[in-house]
Enquirer: 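Encoded as structure tokens, here's the structure I'll be asking about.
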There are 2 protein chains.
Amino acid sequence: MSEALSILNEDDLADVADFRGDGSRKPYFTIGELAKEFDCTLRTLRFYEDKGLINPKRDGMNRVYSRRDRARLKLVLMGKRVGFSLTEIRDMLDLYDLKDGQVTQLRVALNRFNGQISVLEKQRDDIEQAIAELSRTVAVVAGLLRQKEAEEAESEGLLSAASALD
Amino acid sequence: MSEALSILNEDDLADVADFRGDGSRKPYFTIGELAKEFDCTLRTLRFYEDKGLINPKRDGMNRVYSRRDRARLKLVLMGKRVGFSLTEIRDMLDLYDLKDGQVTQLRVALNRFNGQISVLEKQRDDIEQAIAELSRTVAVVAGLLRQKEAEEAESEGLLSAASALD
DNA sequence: CTTTTAGCTTACGTTCACGTCAAGGTCCAG
DNA sequence: CTGGACCTTGACGTGAACGTAAGCTAAAAG
């Protein structure tokens, strides 16, 4: 089992992003620690292992998670938040450790990476559109609210229906 | 059944975004038309109706979708792409047609809108991070590939099995 | 007039992503 | 040495989001 090329290992990626001021630089984690840190259940972590998303070592029976495992988990949860399935996430993670440096393999990987990027860009645009829409609506509602509040303060009388757009 | 206030109806929102040069300004759609347009199944549309996401009128037995229904469907699919559950989406859609103009209701709605906005912003940031990460990786892999190709061109030795696309 | 097309309802099946017991192993404090 | 705390592997259950098949109606097309 050649541990392969591993272009960029997640240690680097996540450890950079996750630089901690405090001195907690633990190299290994138990399943319970990770579950608590990322607010998921033990079952979930075992399930992810079952699906090949994480590969913790063993100390006897017990799972031992490296920083790499932890970083991968982080990516998994990120992926989930933005709507990817676990299998999609596994495929994406697998791209990170290509099994060899064959030229054709690299080409395939590149294509898939780029594909993934455009998917993500589309997704981001969708979200931005949604944000814009919501913001506009917020503005309108806020205006309406101020108006209502003014009315309410002014006349303590009857309420008439004020609008009907359709 | 007072059809209520409906602060911003989706007609406006989506019709703006969806301004078509051609003159196809159909006011009503069949289930099949919508299914084809948005590339989903009839079952899906009926399912969404069951879940209260869309409310087509009926012509006898047959469903008749208005532009409003169509716009809502669009929002549903957008929501799905960015990882929301159908119930979350329904809640968000419900915010669009508030049942009355009570001040407290408006306040509640405003809060939920703003909450939704920050969720979306977080999501967008996640995605942007992922894109950045992937782009960096692409750069690295592309460099590696160029290097490999150069090596290969240099020594015209043996042809080892070059492909295996499983 | 039959067949195709499009739609309907009812209802069971499926996949994903876990939840929830059940039944037990290991180690440490009291 | 006994009770927690923490871990293990099954295995069945569950909610979400549909798929799929069966059997019916109504209209259009050949």
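When reading the values below, keep in mind they use all heavy atoms of this one structure, side chains included, and skip hydrogens, waters and symmetry mates. Everything numeric here is computed off the predicted structure, so don't read it as measured data. Order of the sequence lines sets the chain letters (A, B, ...), proteins ahead of strands, with each chain counted from 1.
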Enquirer: Using a 4.5 Å cut-off between side-chain heavy atoms of Ile, Leu, Val, Met, Phe, Trp and Tyr, which other residues end up in the same hydrophobic cluster as Met61(B)?
Expert: none
Enquirer: Would you indicate what Lys51(A) reaches in the nucleic acid, counting non-hydrogen atoms under 4.0 angstrom: base, sugar-phosphate, or nothing?
Expert: nothing
Enquirer: Earliest and latest nucleotide of DNA chain C, 5' to 3', sitting under 4.0 Å from a non-hydrogen atom of chain B?
Expert: dG7(C) to dA11(C)
Enquirer: The criterion is side-chain hydrogen bond (donor to acceptor under 3.5 Å, both in side chains); which residues satisfy it with Gln147(B), sequence neighbours excluded?
Expert: none
Enquirer: Taking side-chain hydrogen bond (donor to acceptor under 3.5 Å, both in side chains) as the test, write out the residues that go with Arg112(A), two or more places apart.
Expert: none
Enquirer: Looking at residues 42-49 of chain B, who's got a heavy atom less than 4.0 Å off DNA chain C?
Expert: Arg43(B), Arg46(B)
Enquirer: Can you list the other members of the hydrophobic cluster that holds Tyr28(A), where links are side-chain heavy atoms under 4.5 angstrom apart?
Expert: Val64(A)
Enquirer: Which is the 5'-most and which the 3'-most nucleotide of DNA chain D that has an atom under 4.0 Å from a heavy atom of chain A?
Expert: dC7(D) to dA11(D)
Enquirer: With Arg146(A), which residues qualify under side-chain hydrogen bond (donor to acceptor under 3.5 Å, both in side chains), at least two apart?
Expert: none
Enquirer: Pairs in or reaching into residues 38-47 of chain B: which pass side chain to side chain donor-acceptor pair (under 3.5 Å), with residues at least two apart or in two chains?
Expert: Thr41(B)-Thr44(B)
Enquirer: Would you mind listing every side chain to side chain donor-acceptor pair (under 3.5 Å) that reaches into residues 49-61 of chain A, with sequence neighbours excluded?
Expert: Glu49(A)-Arg58(A), Glu49(A)-Arg63(A)
Enquirer: Between Glu149(B) and Arg107(A), does any NZ, NE, NH1 or NH2 come within less than 4.0 Å of an OD or OE carboxylate oxygen?
Expert: yes
Enquirer: Test of understanding: with salt bridge (charged side-chain N to carboxylate O under 4.0 Å, His left out), list the residues that count as partners of Glu88(B), not counting sequence neighbours.
Expert: none
Enquirer: For Glu121(A), give me all partners under salt bridge (charged side-chain N to carboxylate O under 4.0 Å, His left out), at least two apart in sequence or on another chain.
Expert: none
